[in-house]
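This report concerns only the one structure given below.
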2 protein chains.
Amino acid sequence: MDHDELSTPGTGERLLATAASLFRRRGYAGAGTRELAGLLGIRSASLYHHMGSKEDLLHRLSVEALVHIHEQVTRAVAEPAAPPERLRALIRAHVVTALADQDEHAVMLMELRALSGERRAEVLALRDRYESLVRQVIADAQDCGALRRDIAPKHLALGLLNLLNWSIFWYQPGRDLSVEGLAELFATTFLEGALPRAERTRQPAQPEPKGRTA
Amino acid sequence: MDHDELSTPGTGERLLATAASLFRRRGYAGAGTRELAGLLGIRSASLYHHMGSKEDLLHRLSVEALVHIHEQVTRAVAEPAAPPERLRALIRAHVVTALADQDEHAVMLMELRALSGERRAEVLALRDRYESLVRQVIADAQDCGALRRDIAPKHLALGLLNLLNWSIFWYQPGRDLSVEGLAELFATTFLEGALPRAERTRQPAQPEPKGRTA
DNA sequence: GTCTATAAAGAGATAGAC
DNA sequence: GTCTATCTCTTTATAGAC
């Protein structure tokens, strides 16, 4: 295909990921273009061959993160499965994707304030679209009796997104929990709750045959 | 008992809250001392009569937020009550306090990176102390059978703090949910989970008196 | 306790050579 | 595609008058 399949990725290809990492570490406003250029091995003036402005970078990486997670989660819930399993698939896909693009997601979630006008509106629209997807999967699960109906889908989605989003900010790969383990933990916690089985129904429960934990 | 009980709070008293609000809106690095001074109705040079540096402000408001929530939650769980009710009290106290000091908490959680050396270590220690408190309440509840034991206290605490912390960033008072309503939602979601009651045990419940705490 | 004035450093961005 | 050089503006913080 191309003559440089084996070469180091060019400045242009590394730019977004490098910016995401730096913005996350220093905050968008606290990240200087000189330091960003330094991480890429060039001078700050050369950045402007690859980008329009610093705000451009923030906008592009936010859009990329949201488009990617929407794609991945849409694909995960599209596979034919019963609704409770679709929700588990959503949780898995969300956790895996958000942690694979951890810098981009953290920055997208925290630095929306630094975008102005149209760009902010676009990112907000993509966020809304994604949250609607989550809410819809939850509402569908409620409709066929796979989720409790005494809490509004909106509020269940709120709780789920709280649970999922915050992990972006503390998760460190290879420390205690694997990404899959974290997804399993969240799915179990969100679906089953923290009460012991005996308390989760108002009746005394069955013996103790189950051994499933991660 | 002072002579100006009725007067406007002085610059010194308004400083921390004003800084928290501004740091939250613009990010710590994006917040200028000129704008901060403007909000207080003075010039930026006059700020330095009330503070050592901008970083001082971040440090002080972070410590304040953590000391306050530790106090409030400690008090809430100290009241004699059965462990599951103690956990509900913790959730209520956390949500109420964190949302009462919403700006301080949001800034404390997001801008730790901007503190250097000793100050960062102090804030980190206070965070650890608070998380230990939460973990301890959860472990106690597990010990007397009020919470499931197949998930480590550390992991249950992780899930609970995820659920609670993220709300700092989107909650808007007087929109849809009251603070008490949110606390109730989180308590129910965390304890009972999202599955319908029939599904919250794995099998159709069998009448079986195996003792309430396995 | 607040002011004016300013120092010293750093920011984002551009021009034009190579 | 990257460089040097530089413009312009803003930043945190200080000095010293009032």
Side-chain angles (χ1 to χ4, degrees), chain A residues 2-62 107 111 113-120, chain B residues 2-4 7-62 107 111 113-120:
Chain A
D2 211 275
H3 65 284
D4 54 9
E5 273 172 273
L6 295 178
S7 70
T8 321
T11 301
E13 280 82 50
R14 291 193 297 142
L15 181 55
L16 274 196
T18 308
S21 161
L22 184 65
F23 290 174
R24 185 183 175 201
R25 199 162 64 249
R26 299 244 188 269
Y28 172 74
T33 50
R34 280 165 183 78
E35 190 177 3
L36 174 58
L39 291 169
L40 293 164
I42 57 176
R43 302 287 180 172
S44 68
S46 311
L47 283 174
Y48 293 85
H49 182 76
H50 304 279
M51 72 188 201
S53 67
K54 188 178 146 185
E55 195 188 322
D56 253 5
L57 292 179
L58 177 56
H59 173 249
R60 280 163 51 197
L61 71 87
S62 299
V107 171
E111 302 286 4
R113 61 188 170 206
L115 290 175
S116 44
E118 253 179 289
R119 288 164 158 171
R120 185 205 207 96
Chain B
D2 211 275
H3 64 284
D4 53 8
S7 70
T8 321
T11 301
E13 280 82 51
R14 290 193 298 142
L15 181 54
L16 274 195
T18 307
S21 162
L22 184 66
F23 289 174
R24 185 182 173 202
R25 199 162 64 248
R26 300 242 188 268
Y28 172 75
T33 50
R34 279 168 182 75
E35 189 175 5
L36 175 57
L39 291 169
L40 293 164
I42 58 177
R43 301 287 181 170
S44 69
S46 311
L47 283 174
Y48 293 84
H49 181 77
H50 304 279
M51 72 189 202
S53 68
K54 188 178 145 184
E55 194 189 321
D56 253 5
L57 292 179
L58 177 57
H59 173 250
R60 280 164 52 197
L61 71 86
S62 298
V107 171
E111 302 286 4
R113 61 189 169 205
L115 289 175
S116 45
E118 253 181 287
R119 288 164 156 171
R120 185 205 206 95

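All values derive from a computational prediction rather than experimental measurement. So that the names make sense, note that chain A is the first sequence line, chain B the second, and so on, each numbered from 1.
In this structure, A:Val107 and A:Arg24 approach most closely via the heavy-atom pair CG2-N, 3.6 Å. Taking both residues in full, the closest heavy atoms of B:Ser44 and B:Thr33 are given as CB-O, 3.9 Å, listed atom of the first, atom of the second, then distance. Residues B:Glu111 and B:Leu58 come closest through the heavy atom pair O-CD2, 3.5 Å. Here the shortest heavy-atom pairing between A:Phe23 and A:Ala31 reads CD2-CB, 3.6 Å.
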In 5'-to-3' order, the base (B), backbone-only (S) or no-contact (-) status of each nucleotide in nucleotides 5-18 of chain D, using a 4.0 angstrom heavy-atom cut-off, is B-----BBBBB---

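With A:Glu35 as the partner, the salt bridge (Lys or Arg N to Asp or Glu O under 4.0 Å) test is satisfied by one option alone out of A:Lys54, A:Arg43, A:Arg26: A:Arg26.
Between A:His50 atom NE2 and C:dA13 atom P the separation is 15 Å, expressed in whole Å. The interatomic distance linking B:Leu47 (CG) with C:dG1 (P) rounds to 13 Å, in whole Å. Spacing between atom CD1 of B:Ile42 and atom P of C:dT2 amounts to 5 Å, rounded to whole angstrom units.
For the helix from C:dG1-D:dC18 to C:dC18-D:dG1, the end axes, each set by the C1' atoms of five terminal pairs, are bent relative to each other by 10° (nearest 10°).
A distance-only check finds no donor-acceptor pair linking the side chain of B:Arg60 to the backbone of B:Leu16 [under 3.5 Å]. The backbone N or O of B:Leu115 sits nowhere less than 3.5 Å from a side-chain atom of B:Tyr28 that would complete a donor-acceptor pair. Side-chain atoms of B:Thr18 come within 3.5 Å of backbone atoms of B:Arg14 as a donor-acceptor pair (strictly under, hydrogens ignored).
Close to D:dT2, at under 4.0 Å from its OP1 or OP2, lies a side-chain N or O of A:Thr11. For B:His49 and C:dC3, the shortest distance from a side-chain N or O to OP1 or OP2 is not below 4.0 Å.
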